[in-house]
**Q** 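Just dropping this structure here.
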Amino acid sequence: MRSLCARRLLHVLGLRFPLPTRRPLFLCPRRLMKPLVVFVLGGPGAGKGTQCARIVEKYGYTHLSAGELLRDERKNPDSQYGELIEKYIKDGKIVPVEITISLLKREMDQTMAANAQKNKFLIDGFPRNEDNLQGWNKTMDGKADVSFVLFFDCNNEICIERCLERGKSSGRSDDNRESLEKRIQTYLQSTKPIIDLYEEMGKVKKIDASKSVDEVCFPLMGVVMGVVTVIVMLIVDLRFGW
């Protein structure tokens, strides 16, 4: 039986650590390699990538942007999905889930193969709709634990203006008003219901992303630091609290 403290921490985080409480952690290396995932969601231009970079620097997470992985795959001349991804992105539509999950899983596997301790991932821009979520649950059930959803809440017009400014130097084909308005509608119709679903489960950490980068960063770091502290407390409790 886990201690009461450990069980409460697991409940708060929504984690399922199948660690036996009376065996040293070093005897269970496979269990330690299970990815701990935070889904990072919000509208285009909400600042997800900018703030994820700060979390990576301060807390050692690995940042995986679903959008960037898809764009890189689109540019790969040897990819069988390149033209298909280009069409979906340009039209502001969501790329088929099988492609996205295969790219995410490949990156997580490669990261953890290089360093088994790097098992904390920020997955930015995923899941973007119910199909994404069902695909994740089907493919990754038992293979990764989703700690919570980090939701960057930002006014749609602010998001559009940020993306238009970014488009002056980004070279992205979808950083134009027509594509952005389509992407915003896709986000509202498809992604926001996923956020609402996780919120009903008590697994959403909401950040006001309409402010400046530094103003967003301070409360964000408080949220992440709190979660990291709880995870450390949980591991210590499991290791020594029997």
Side-chain angles (χ1 to χ4, degrees), residues 34-50 52-53 56 61-114 118-146 149-150 152 159-160 163-164 166-167 169-195 197:
K34 195 172 184 181
L36 298 178
V37 171
V38 174
F39 288 144
V40 183
L41 296 175
K48 302 183 295 296
T50 299
C52 281
V56 168
Y61 279 78
T62 297
H63 175 214
L64 300 179
S65 167
E68 287 183 11
L69 291 176
L70 289 167
R71 285 187 289 274
D72 289 344
E73 189 71 12
R74 174 185 60 180
K75 296 175 186 175
N76 181 358
D78 297 325
S79 172
Q80 60 179 313
Y81 303 119
E83 291 185 7
L84 179 64
I85 293 172
E86 168 67 23
K87 179 173 178 10
Y88 273 90
I89 289 179
K90 192 169 184 179
D91 291 343
K93 295 179 181 179
I94 296 173
V95 174
V97 64
E98 294 82 5
I99 298 175
T100 307
I101 290 180
S102 68
L103 298 178
L104 289 169
K105 189 175 185 303
R106 182 183 69 189
E107 291 298 315
M108 287 193 290
D109 289 346
Q110 290 177 352
T111 299
M112 294 179 64
K118 291 185 69 65
N119 70 326
K120 303 196 303 290
F121 295 92
L122 299 168
I123 297 186
D124 168 4
F126 183 91
R128 295 184 62 192
N129 61 8
E130 186 176 353
D131 185 50
N132 277 186
L133 182 58
Q134 290 178 352
W136 173 271
N137 290 337
K138 179 180 178 180
T139 305
M140 301 303 293
D141 184 40
K143 300 176 183 177
D145 282 317
V146 178
V149 172
L150 191 56
F152 286 79
C159 286
I160 289 175
C163 288
L164 290 175
R166 180 180 66 189
S169 58
S170 70
R172 286 177 50 170
S173 61
D174 56 342
D175 274 346
N176 60 79
R177 182 167 287 274
E178 182 180 359
S179 290
L180 286 166
E181 288 177 351
K182 291 179 182 178
R183 290 165 63 195
I184 289 287
Q185 287 305 309
T186 298
Y187 160 72
L188 292 174
Q189 294 169 8
S190 302
T191 308
K192 189 58 170 64
I194 300 300
I195 298 169
L197 177 63

**Q** Taking the side chain as C-beta and beyond, is there a heavy-atom pair between P127 and W136 under 4.5 Å?
**A**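 SC-SC contact between P127 and W136 ruled out.
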**Q** Test V40 against Y61 for side chain to side chain contact (heavy atoms under 4.5 Å, CB included), laying out the working first.
**A** CA-CA 12 Å; V40 183; Y61 279 78; over 6 Å; no
**Q** Just do the side chain to side chain contact (heavy atoms under 4.5 Å, CB included) check on F126 and V37 with the steps written out, would you?
**A** CA-CA 11 Å; F126 183 91; V37 171; over 6 Å; no
**Q** Using a 3.5 Å cut-off and no angle test, enumerate the donor-acceptor pairs between side-chain atoms of residues 95-103 and protein atoms at least two apart in sequence or in another chain.
**A**
| unit_1 | atom_1 | unit_2 | atom_2 | d |
| --- | --- | --- | --- | --- |
| S102 | OG | E98 | O | 3.2 |
| S102 | OG | I99 | O | 2.7 |

**Q** Nearest heavy-atom pair of S79 and E73: which atoms, and what distance?
**A**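 Closest approach of S79 to E73: OG-OE2, 3.0 Å.
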**Q** Of all heavy-atom pairs between G125 and L41, which one has the smallest distance, and what is that distance?
**A**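 Between these two residues, the closest heavy atoms are C-CD2, 4.1 Å.
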**Q** More than 12 foreign heavy atoms under 6.0 Å from NZ of K192: is that the case here?
**A**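 Enclosed: over 12 neighbouring heavy atoms sit under 6.0 Å from NZ of K192.
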**Q** At what distance, to the nearest 0.5 angstrom, does OG of S190 lie from CZ of R128?
**A**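 The CZ atom of R128 is 8.5 Å from OG of S190, to the nearest 0.5 Å.
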**Q** Can you give me the closest heavy-atom contact between M112 and P35, atom names plus distance?
**A**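 Distance-wise, the nearest heavy atoms are SD-CG, 3.6 Å.
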**Q** For T62 and V56, which heavy atoms make the closest approach, and how far apart are they?
**A**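 Where T62 meets V56 most closely, the heavy atoms are C-CG2, 4.4 Å.
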**Q** Measure the CG-NZ distance between L64 and K105 for me, rounded to the nearest 0.5 Å.
**A**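 The NZ atom of K105 is 13.0 Å from CG of L64, to the nearest 0.5 Å.
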**Q** Is Q110 atom CD crowded by more than 12 heavy atoms from other residues, nucleotides or ligands, each under 6.0 Å away?
**A**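 Result for CD/Q110: enclosed.
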**Q** Taking all non-hydrogen atoms of both residues into account, name the closest pair between C159 and P44 and its distance.
**A**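 Between these two residues, the closest heavy atoms are CB-O, 2.8 Å.
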**Q** So which atom in G42 and which in K48 form the shortest heavy-atom distance, rounded to 0.1 Å?
**A**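 Looks like O-NZ, 3.2 Å.
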**Q** To the nearest 0.5 Å, what is the distance between CG (N176) and CD1 (I160)?
**A**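 CD1 of I160 is found 10.5 Å from CG of N176.
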**Q** Given L70 and Y88, is the side chain to side chain contact (heavy atoms under 4.5 Å, CB included) satisfied, shown in steps?
**A** CA-CA 10 Å; L70 289 167; Y88 273 90; over 6 Å; no
**Q** If you measure from CZ on R106 to CG on L69, what distance do you get to the nearest 0.5 Å?
**A**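 If I round to the nearest 0.5 Å, the distance is 7.5 Å.
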**Q** Nearest 0.5 Å, please: how far is CD1 in I85 from NZ in K87?
**A**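 Going from the NZ atom of K87 to the CD1 atom of I85 covers 13.5 Å.
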**Q** Once you round to the nearest 0.5 Å, how far does OG1 of T191 lie from CG of L133?
**A**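 One gets 11.0 Å once the value is rounded to the nearest 0.5 Å.
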**Q** Can you check whether F152 reaches D124 side chain to side chain, under 4.5 Å on heavy atoms?
**A**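 No, side chains not in contact.
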**Q** When you compare the side chain of E130 with that of P193, does any pair of heavy atoms fall below 4.5 Å?
**A**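 Not in contact.
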**Q** Please collect all salt bridge (charged side-chain N to carboxylate O under 4.0 Å, His left out) contacts where either partner lies in residues 177-188, sequence neighbours excluded, each pair once.
**A**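 Sorted result for residues 177-188: E157-R177, E161-R177, D174-R183, D175-R183, R177-E181, E178-K182.
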**Q** Within the distance-only criterion (no hydrogens, no angle test), does the side chain of K118 pair as donor or acceptor with the backbone N or O of M108 below 3.5 angstrom?
**A**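 Side chain of K118 to backbone of M108, a donor-acceptor pair under 3.5 Å: no, none is there.
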